[in-house]
Engineer: 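Dumping the structure here so I can ask a few things about it.
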Amino acid sequence: MPYVGAARDLVAAWKEHGLRRAATLAAELTAERLEPPAADVITYIPPDPARLLVRGYHPAERLAKELGGRWGLSEAALLVRVGTRPSERQAGLPRAERLRNARGAFVAVAAAPRRVLLVDDVYTTGATVSAAATALRRAGAVEVDVVTFARTVRL
């Protein structure tokens with residue numbers, strides 16, 4: 001769904017204001033619009049440790065768990081963030097900076113199955129999911145499909 005209006009308000013409440021149960025609603029809305037993907041496992045963009053500490057939960061992980069339950073997919077934490085520095089927030093960065101910020105930011109912690117469903121909450125430029133998908137392919141995934149709750153639409 002486009003990342004405007006009510007979808008933007010829901011994501012803000014979910015990510016920045018602690019409305020944890022929004023993951024259930026986001027998963028319900030997503031599952032209503034998509035057929036269950038052909039995948040061996042569902043995983044998610046790993047959290048930035050500093051933001052996880054502040055929030056106490058990770059929206060993409062919650063969305064993956066909710067979707068996995070609806071679609072009968074087992075969930076696995078296949079990725080971690082690389083490096084000790086917190087990654088710069090992607091929000092508000094131009095596309096080129098987002099790509100540079102995300103490049104090499106993830107590594108797989110285990111061999112990836114052939115077909116992986118990768119979940120994130122919002123797709124903006126694709127920099128984050130692209131970097132994560134690259135790490136999953138390096139770990140053995142042949143197909144990496146991406147599902148997000150919302151997507152920024154550029155006109």
Engineer: Atom CZ in Arg62, atom OH in Tyr44: separation rounded to 0.5 Å?
Structural biologist: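 Here the rounded value is 11.0 Å.
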Engineer: Check whether any side-chain heavy atom of Leu117 lies under 4.5 Å from a side-chain heavy atom of Val147, and answer yes or no.
Structural biologist: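 Result yes, sub-4.5 Å side-chain heavy-atom pair found.
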Engineer: Return the minimal non-hydrogen interatomic distance between Val144 and Ala133, and the atom names on each side.
Structural biologist: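 For Val144 versus Ala133, the nearest heavy atoms are CG1-CB, 3.8 Å.
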Engineer: Which residues satisfy the side-chain contact (heavy atoms from CB on, under 4.5 Å) test with Pro46, sequence neighbours excluded?
Structural biologist: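 So Pro46 forms a side-chain contact (heavy atoms from CB on, under 4.5 Å) with Leu79, Arg81, Phe106.
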Engineer: Given 3.5 Å as the limit, does a donor-acceptor pair link the side chain of Asp40 with the main chain of Arg115, or not?
Structural biologist: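 Yes; judged by distance alone, with no hydrogens or angles, the pair exists.
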Engineer: Mind checking what makes salt bridge (charged side-chain N to carboxylate O under 4.0 Å, His left out) contact with Arg114, not counting sequence neighbours?
Structural biologist: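 Salt bridge (charged side-chain N to carboxylate O under 4.0 Å, His left out) list for Arg114, sorted by chain: Glu143.
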Engineer: Can you name the closest pair of heavy atoms from Ala110 and Ala139 and give their distance?
Structural biologist: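 Here Ala110 and Ala139 meet closest at O-CB, 3.7 Å.
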Engineer: Of all heavy-atom pairs between Ala27 and Leu67, which one has the smallest distance, and what is that distance?
Structural biologist: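 Looking at all heavy atoms of both residues, the shortest contact is O-CD2, 3.6 Å.
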Engineer: For the side chain of Thr43 and the backbone of Ala76, is there at least one donor-acceptor N/O pair under 3.5 Å apart?
Structural biologist: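 Looks like yes, one N/O pair under 3.5 Å.
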Engineer: Taking only residues two or more places apart in sequence or in another chain, which ones pass side-chain contact (heavy atoms from CB on, under 4.5 Å) with Val107?
Structural biologist: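 Applying side-chain contact (heavy atoms from CB on, under 4.5 Å) to Val107 gives Val80, Val82.
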Engineer: I'd like to check the salt bridge (charged side-chain N to carboxylate O under 4.0 Å, His left out) partners of Arg70; sequence neighbours left out, ordered by chain and number.
Structural biologist: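 Expected list: Glu66.
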Engineer: Are the side chains of Pro36 and Leu73 in touch, meaning some heavy atoms are under 4.5 Å apart?
Structural biologist: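 No. Closest side-chain heavy atoms not under 4.5 Å.
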Engineer: Could you pull out all residues at least two apart from Glu35 that satisfy side-chain contact (heavy atoms from CB on, under 4.5 Å)?
Structural biologist: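 Applying side-chain contact (heavy atoms from CB on, under 4.5 Å) to Glu35 gives none.
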Engineer: Please name the residue in the list Ile42, Val119, Ile45, Thr24 that meets the side chain to side chain contact (heavy atoms under 4.5 Å, CB included) test with Leu63.
Structural biologist: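 It is Val119; the other options fail the test.
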Engineer: Which distance, rounded to the nearest 0.5 Å, do you find between the CG of Leu29 and the CG of Leu34?
Structural biologist: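 Spacing of CG (Leu29) from CG (Leu34) equals 11.0 Å.
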Engineer: Under the salt bridge (charged side-chain N to carboxylate O under 4.0 Å, His left out) rule, collect the residues that match up with Asp145, sequence neighbours excluded.
Structural biologist: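 Not a single residue meets the salt bridge (charged side-chain N to carboxylate O under 4.0 Å, His left out) criterion with Asp145.
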Engineer: Compare every heavy atom of Val41 with every heavy atom of Pro113, then report the nearest pair and how far apart it is.
Structural biologist: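 That closest heavy-atom pairing would be CG-CG1, 3.3 Å.
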Engineer: In the structure I gave you, are the side-chain heavy atoms of Val122 and Thr148 within less than 4.5 Å of one another anywhere?
Structural biologist: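 Contact flag for Val122/Thr148 side chains = no.
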